[in-house]
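Encoded as structure tokens, the structure appears first; notes follow it.
The structure displayed is predicted, hence computed values, not measured ones. Side chains included, hydrogens not; waters and symmetry mates left out as well; all remaining heavy atoms used.
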Amino acid sequence: MVTLLDYGAGNVRSVVNAIKNLGYAVRLVERPEDILAAEKLIFPGVGAFGSMMRVLHQKGFVQPLRRYLEQDRPFLGICLGLQALFQASEEAPEEEGLGFLKGMARRFRVDLAVPHIGWNGIKPRKPSALFQGLTGEEKLYFVHSYHVDPEDAGVVLTTTDYGVEFVSAVQKGRVAAVQFHPEKSGPTGLKILQNFLEGSQALSVLPPRAPARTHLTKRIIACLDVRTNDQGDLVVTKGDQYDVREKGQVRNLGKPVDLARRYYEQGADEITFLNITGFRDFPLMDVPMLEVLRRTSENVFVPLTIGGGIRDYVDKDGTAYSALDVAAAYFRSGADKVSIGSDAVLIVEEVLRTGKATGRSAIETISRIYGSQAVVISIDPRRVYVPSPTAVPHRVIETALPGPQGERYCWYQCTVKGGREGRPLDAITLAQVCEQLGAGEILLNCIDRDGTNSGFDVELIQAVKEAVTIPIIASSGAGCAEHFLEVFTRTKAESALAAGIFHRNEVPIGAVKAYLQGKVPIRPVP
Ligand code: 1PR
């Protein structure tokens with residue numbers, strides 16, 4: 001029996017599912033005394049340091065946790081569960097950590113995108129039971145903006161490179177904690193969890209190979225656009241330039257849960273579900289999407305993002321739900337990140353009109369509680385050609401692909417409601433303001449390229465990438481493996497997403513990765 005400390009933020013469902021998948025029963029901590037009664041304790045922290053510590057105090061968990069740690073009992077901290085072991089964090093200087101280890105969590109100060117999101121390696125520093133069966137060359141999934149800085153070098157278990165060499169795992173006696181997410185790191189992560197669950201100190205090993213340097217890999221993401229078809233079934237569909245109908249019928253490319261599982265097995269680094277009619281339906285009533293997440297997270301152990309309908313909503317009977325309520329329902333069902341589309345455009349328009357942020361927008365409220373890494377902004381822009389850089393009051397770029405009248409300039413107009421309505425806002429400005437409001441990542445679609453197999457719009461991707469410091473997911477237009485290499489070499493995008501070629505089995509994920517191997521850092525298919 002393993003005990004899991006769930007303090008109510010983020011996605012503990014995946015950890016529970018991973019443990020169950022390994023054949024163990026899980027008990028959740030409900031009262032402070034459950035902590036000291038645990039045989040083995042896992043503390044998966046997700047969200048922001050300050051809110052985590054406040055909740056731990058409110059629930060009376062801090063003292064029993066400190067005692068459990070001091071008694072040197074089996075403990076595995078994950079992500080914030082690692083940072084919580086230290087005295088403090090720059091993320092919330094007013095909150096004290098558990099103080100089991102001396103030192104603090106510091107924000108990344110690197111010339112790279114922050115948060116550090118994606119699959120990176122580890123460099124083991126000392127033997128541990130957690131390393132049994134590992135080669136040392138595995139990739140693990142990270143998502144964080146802060147890293148720990150221990151005073152005692154003796155507690156360092158692994159380090160990882162990301163602009164700086166940071167501590168990615170610690171161990172002191174039977175207390176271990178990792179910055180990466182084993183429950184989101186595919187078969188390697190499950191192996192580490194299994195090692196903890198079965199582990200004995202006597203079996204400590206060092207992996208046979210340790211990389212001299214680790215690299216954040218480029219992520220390959222499979223995207224599932226989901227909606228109800230005319231027969232009432234929830235299906236994965238795919239459009240051409242956002243038109244998902246063929247001969248009047250919604251294209252049916254398969255069942256969401258089955259396809260997600262297939263892409264996981266094929267080596268997808270992440271899976272995104274977009275509820276493409278979420279702007280119409282009330283998503284909390286949209287039980288099928290929650291069910292899709294619940295079922296997918298039972299046996300898919302890579303990050304899951306869900307988008308569509310993340311916004312404030314007033315029900316027919318006048319009951320108000322906040323975007324935070326909607327997001328919370330998705331996180332509880334297995335999502336690691338939520339993606340905000342139409343609402344982000346309206347939020348940014350409001351900020352630009354009034355000159356200030358309200359603090360109450362979906363982006364701000366969700367990132368405050370769940371952390372910026374949990375908030376993705378999905379942009380659906382359309383290219384608009386103009387004759388000169390000053391023809392419109394928007395961010396215009398010079399293009400190598402002239403327009404129908406020979407125009408050498410264009411801007412990227414944001415749209416809402418799945419491309420149905422253009423707005424007077426450009427994609428670059430939208431991305432910048434969303435970053436300021438607390439968004440952690442940009443999913444950059446392009447309606448002109450969507451479903452065309454003609455390659456990513458590298459001009460758009462580079463223009464947005466240069467304007468923000470958060471990671472970018474390049475999306476729309478992938479038609480072959482070479483298009484992924486093009487987007488990774490001609491732009492600094494951290495990841496690339498595709499839908500149609502994967503759904504139609506034209507280019508499987510494994511073929512994309514095999515082609516990229518040795519050309520850009522990539523997580524090999526496990
Ligand atoms: O506005 O917050 O409710 O979110 C709705 C979400 O649904 C947005 O993220 C929006 O991008 C998405 N969406 C809305 N309508 C459509 C549609 O296709 N009619 N899908 C749609 C957008 C675009 C990509 C696609 C890539 C790759 N899909 O995610 O998967 O373009 O496709 P490809 O590789 O086949 O070219 P809200």
(message) Show, in sequence, the C-alpha distance, side-chain angles and deciding distance for Ile271 and Thr305, and conclude whether the side chain to side chain contact (heavy atoms under 4.5 Å, CB included) test is met.
(response) CA-CA 6 Å; Ile271 290 166; Thr305 301; over 6 Å; no

What's the verdict on ring pair (Phe, Tyr, Trp, His ring centres under 6.0 Å) for Tyr370 and Phe331, showing C-alpha distance, side-chain angles and the deciding distance? CA-CA 9 Å; Tyr370 293 96; Phe331 289 130; 4.3 Å; yes

Note to self: Applying side chain to side chain contact (heavy atoms under 4.5 Å, CB included) to Leu5 and Ile35, what does each step give before you reach the verdict?
What the structure shows: CA-CA 8 Å; Leu5 182 66; Ile35 293 177; 4.0 Å; yes

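Salt bridge absent: Glu298 and Arg13 never bring a charged side-chain N and a carboxylate O closer than 4.0 Å. Using a cutoff of 4.0 Å between basic side-chain nitrogens and carboxylate oxygens, Arg109 and Glu90 are scored as salt-bridged. Between Arg125 and Glu165 there is a salt bridge, since a side-chain N of the basic residue sits under 4.0 Å from a carboxylate O of the acidic one. Classification of Lys513 and Asp269 as a salt-bridged pair holds, one side-chain N sitting under 4.0 Å from a carboxylate O. Taking the charged nitrogens against the carboxylate oxygens, Arg219 and Glu441 do have a contact shorter than 4.0 Å, which makes a salt bridge. The existence of a salt bridge linking Glu494 and Lys218 is excluded, since no basic side-chain nitrogen approaches an acidic carboxylate oxygen closer than 4.0 Å. Taking the charged nitrogens against the carboxylate oxygens, Lys184 and Asp336 do have a contact shorter than 4.0 Å, which makes a salt bridge. Salt bridge annotation for Lys172-Asp72: absent, with no cationic side-chain nitrogen under 4.0 angstrom from a carboxylate oxygen.
Listed by chain and number, the residues in a salt bridge (charged side-chain N to carboxylate O under 4.0 Å, His left out) with Glu265 are Arg261 (sequence neighbours excluded).
Checked against the 6.0 Å centroid criterion, the rings of Tyr162 and Phe108 qualify as a close aromatic pair. A distance of 6.0 Å or more separates the ring centres of Phe180 and Tyr141. Centroid-to-centroid, the aromatic rings of Tyr515 and Phe484 stay 6.0 Å apart or farther.
Counting all heavy atoms, side chain and backbone alike, Ile122 lies closest to Pro124 at O-CD, 3.5 Å. Between Val326 and Arg311, the closest heavy-atom pair is CG2-O, 3.8 Å. Annotation for His215 and Lys139: closest pair O-NZ, 3.4 Å, computed over non-hydrogen atoms. The two atoms that bring Ala105 and Gln83 nearest to each other are CB-OE1, 3.9 Å, heavy atoms only. The minimum heavy-atom distance linking Met53 with Glu95 is given by the pair CB-OE1, 3.9 Å. Across every non-hydrogen atom of Ile473 and Leu497, the tightest pair is CG2-CB, 3.7 Å.
The CG atom of Leu80 sits 9.0 Å away from the CG atom of Leu82 when rounded to the nearest 0.5 Å. One finds the NE2 atom of His181 at 8.5 Å from the NE2 atom of His144 (value rounded to the nearest 0.5 Å). Considering CZ of Arg294 and OH of Tyr330, their distance stands at 10.5 Å, rounded to 0.5 Å. Rounded to the nearest 0.5 Å, atoms CG (Leu443) and OG (Ser475) are 5.0 Å apart. Arg67 CZ to Phe100 CZ: the interatomic distance, rounded to the nearest 0.5 Å, is 14.5 Å.
Within 6.0 Å of the CZ atom in Arg360, the count of heavy atoms belonging to other residues, nucleotides or ligands does not exceed 12. Remark: Lys255 NZ is loosely packed, at most 12 non-hydrogen atoms of other residues, nucleotides or ligands lying under 6.0 Å away. Heavy atoms of other residues, nucleotides or ligands lying less than 6.0 angstrom from CZ of Arg66 number more than 12. Counting non-hydrogen atoms of other residues, nucleotides and ligands closer than 6.0 Å to CZ of Arg295 gives a total of 12 or fewer. Annotation for Glu39: atom CD does not count as buried by contact number, only 12 or fewer foreign heavy atoms lying within 6.0 Å. Heavy atoms of other residues, nucleotides or ligands lying less than 6.0 angstrom from NZ of Lys123 number more than 12. No more than 12 heavy atoms of other residues, nucleotides or ligands sit less than 6.0 Å from atom NZ of Lys20. When the shell of 6.0 Å around NZ of Lys126 is examined, it contains more than 12 heavy atoms from other residues, nucleotides or ligands.
Residues Glu183 and Asn17 fail the side-chain proximity criterion, which asks for heavy atoms closer than 4.5 Å. At a threshold of 4.5 Å between non-hydrogen side-chain atoms, the residues Ile310 and Val375 do not count as touching. A 4.5 Å side-chain heavy-atom check between Leu516 and Ile220 finds at least one atom pair inside the cut-off. Taking the side chain as every heavy atom from C-beta outward, Thr469 and Val114 never approach each other to under 4.5 Å. Residues Val170 and Leu101 have side chains in contact (heavy-atom distance under 4.5 Å, counting atoms from C-beta outward). At least one side-chain heavy atom of Phe43 sits under 4.5 Å from a side-chain heavy atom of Leu56.
For the residue pair Asn120 and Thr214, a side-chain donor N or O sits within less than 3.5 Å of a side-chain acceptor on the partner. Between the side chains of Ser297 and Ser14, no donor-acceptor pair is found at a separation under 3.5 Å. With no hydrogens or angles considered, a side-chain donor-acceptor pair links Ser378 and Asn445 at under 3.5 Å. Ser372 and Ser367 share no side-chain donor-acceptor pair at under 3.5 Å. Thr237 and Asp225 are not linked by any side-chain donor-acceptor pair at a separation below 3.5 angstrom, with hydrogens and angles left out of the test.
With hydrogens and angles ignored, the 3.5 Å screen pairs no side-chain donor or acceptor of Arg73 with any backbone N or O of Val175.
The side chain to side chain contact (heavy atoms under 4.5 Å, CB included) test with Pro256 singles out one residue from Val226, Asn275, Leu293, and that residue is Val226. Under the side chain to side chain contact (heavy atoms under 4.5 Å, CB included) rule, Val167 has a single partner from Leu157, Val156, Asp149, which is Val156.
Below 30°, between 30° and 60°, or above 60°: for Phe166 and His116 the angle between ring planes is above 60°, a perpendicular geometry.
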